[in-house]
Amino acid sequence: MLLFKDDPYRQHVYITSAGRLASMAYKNANNVTSYFNLHDINEELNRRNAELQAEVVRLQETIDIFQEQGFTDTLSLDPDVRHFDFIVAHVINNSIAHPFNYLTINKGSRDGVRPELGVIDRNGVVGIVSNVGPSSARVISLLNPHFRLSCKIKRSDYFGSLVWDGRDPGEAQLEELPRHTVFEVGDTIVTSGYSAVFPAGLPVGVVLDDETDKNQNFFSLRIRLFADFTTLGNVQVVVNNKADELRALQAGEENDAKKNPFGN
């Protein structure tokens, strides 16, 4: 006190040094607090991302309805009708090096997850739910030859089946495209919407090249997948609220075809 009391210069040095030390202490404390808050922030971002994804799908459905009806002024939409919902989940186990790959998520039947629901991440399609427990679920990965995904070329609407051939976890093949299919390298591949699992237009990948034997009747395109299966973390389970209705209609059509195969 005697040293600093009557010496303005030493007082200035003391206050400046103390201020710097206090600033460093506050900064370090803030960094530690921020680190432990990252989990909560990430959870909130995932929840908001799922809500935005659902909103995008609903907006696309609304646009489709307007286009089909041909007018925009007199169309009334029920805001309570929600075709798709999304459940945020985390991948707790994943494989990419096996001939038939699966992954496990931390949401199950208690959270509304059930078999045959689609799974996506922020980049693209990931797989489809196969088995469900109370608090977890097993997902057939897109990197599994047992999983075939109906897709189309976005700019031309030609569609085929996407399947993994076991070679590269970042690539797959789009098969069964008609010979007259028009495409270019770099074209975007999206879900076709021809099933009750995924809505139409979800991103899947881009065309790399044509691997078709010229003597075949169908195209087979090499696709670079948007989803990075080596870094899967947060995913969304796609819930189609009209899936049961669609499956019932399809089952009825198949039974009718078996009873009367000639359509008479």
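When reading the values below, keep in mind they use all heavy atoms of this one structure, side chains included, and skip hydrogens, waters and symmetry mates.
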Do [X] side-chain atoms and [Y] backbone N/O form a donor-acceptor pair below 3.5 Å?
X	Y	answer
N144	W164	no
S150	Y194	no
S136	G133	no
S130	R138	yes

Kindly compute the distance separating [atom1] ([X]) from [atom2] ([Y]), expressed to the nearest 0.5 Å.
X	Y	atom1	atom2	value
L149	S161	CG	OG	8.5 Å
I189	L225	CD1	CG	10.5 Å
L208	E171	CG	CD	5.0 Å
T188	I153	OG1	CD1	10.5 Å
L221	L162	CG	CG	10.0 Å

side-chain hydrogen bond (donor to acceptor under 3.5 Å, both in side chains) between H90 and N234, worked out: CA-CA 5 Å; H90 301 283; N234 302 315; 2.5 Å; yes
Enumerate, atom names and distances included, each donor-acceptor pair closer than 3.5 Å involving a side-chain atom of residues 118-129, sequence neighbours excluded.
unit_1: D121; atom_1: OD1; unit_2: N123; atom_2: N; d: 2.8
unit_1: D121; atom_1: OD1; unit_2: G124; atom_2: N; d: 2.9

Treat each ILVMFWY residue as a node, draw an edge where side-chain heavy atoms are under 4.5 Å apart, and state whether [X] and [Y] are in one component.
X	Y	result
L117	L232	yes
F198	I223	yes
I92	L142	no

Heavy-atom check, side chain of [X] versus side chain of [Y], under 4.5 Å:
X	Y	answer
R148	E175	yes
V239	I87	yes
V190	L202	no
L177	F218	no

Closest approach of [X] to [Y] (non-hydrogen atoms, all atoms of both residues):
X	Y	answer
S192	A200	O-CB, 3.6 Å
S109	V132	N-CG1, 3.3 Å
V204	C151	CG2-SG, 4.0 Å
L103	S141	CD2-CB, 4.2 Å
E184	D187	N-OD2, 2.7 Å
N240	R114	O-NH2, 3.9 Å

Apart from V163 itself, residues in the same hydrophobic cluster as defined by side-chain heavy atoms under 4.5 Å: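 For V163, no cluster forms, as it stays isolated from other hydrophobic side chains.
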Transitive ILVMFWY cluster of F226, excluding itself - 4.5 Å side-chain cut-off: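 In the cluster with F226 are V206.
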Side chain to side chain contact (heavy atoms under 4.5 Å, CB included) assessment of F84 paired with V238: CA-CA 7 Å; F84 290 95; V238 183; 3.6 Å; yes
Chi angles and distances behind the salt bridge (charged side-chain N to carboxylate O under 4.0 Å, His left out) call for D165, R222: CA-CA 10 Å; D165 59 6; R222 196 77 184 159; 2.5 Å; yes
Residue pairs passing the ring pair (Phe, Tyr, Trp, His ring centres under 6.0 Å) test where at least one lies in [range], sequence neighbours excluded:
range	value
residues 97-116	F100-H146
residues 105-143	none
residues 110-131	none

Chi angles and distances behind the side chain to side chain contact (heavy atoms under 4.5 Å, CB included) call for S135, K107: CA-CA 5 Å; S135 59; K107 294 292 177 69; over 6 Å; no
Derivation and outcome, side chain to side chain contact (heavy atoms under 4.5 Å, CB included), residues V139 and T104: CA-CA 6 Å; V139 178; T104 306; over 6 Å; no
R179 to F219, cation-pi by 6.0 Å centre distance and 45° axis angle: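 Pair R179/F219 counts as cation-pi.
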Candidate pair D157 and K152, rule salt bridge (charged side-chain N to carboxylate O under 4.0 Å, His left out), full reasoning: CA-CA 5 Å; D157 283 342; K152 65 181 180 181; 3.5 Å; yes
F183 and Y158 aromatic centres sub-6.0 Å: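 Judged by ring-centre distance (under 6.0 Å), F183 and Y158 do not meet the cut-off.
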Verdict with supporting geometry, S95 and N101, side-chain hydrogen bond (donor to acceptor under 3.5 Å, both in side chains): CA-CA 5 Å; S95 66; N101 293 291; 3.1 Å; yes
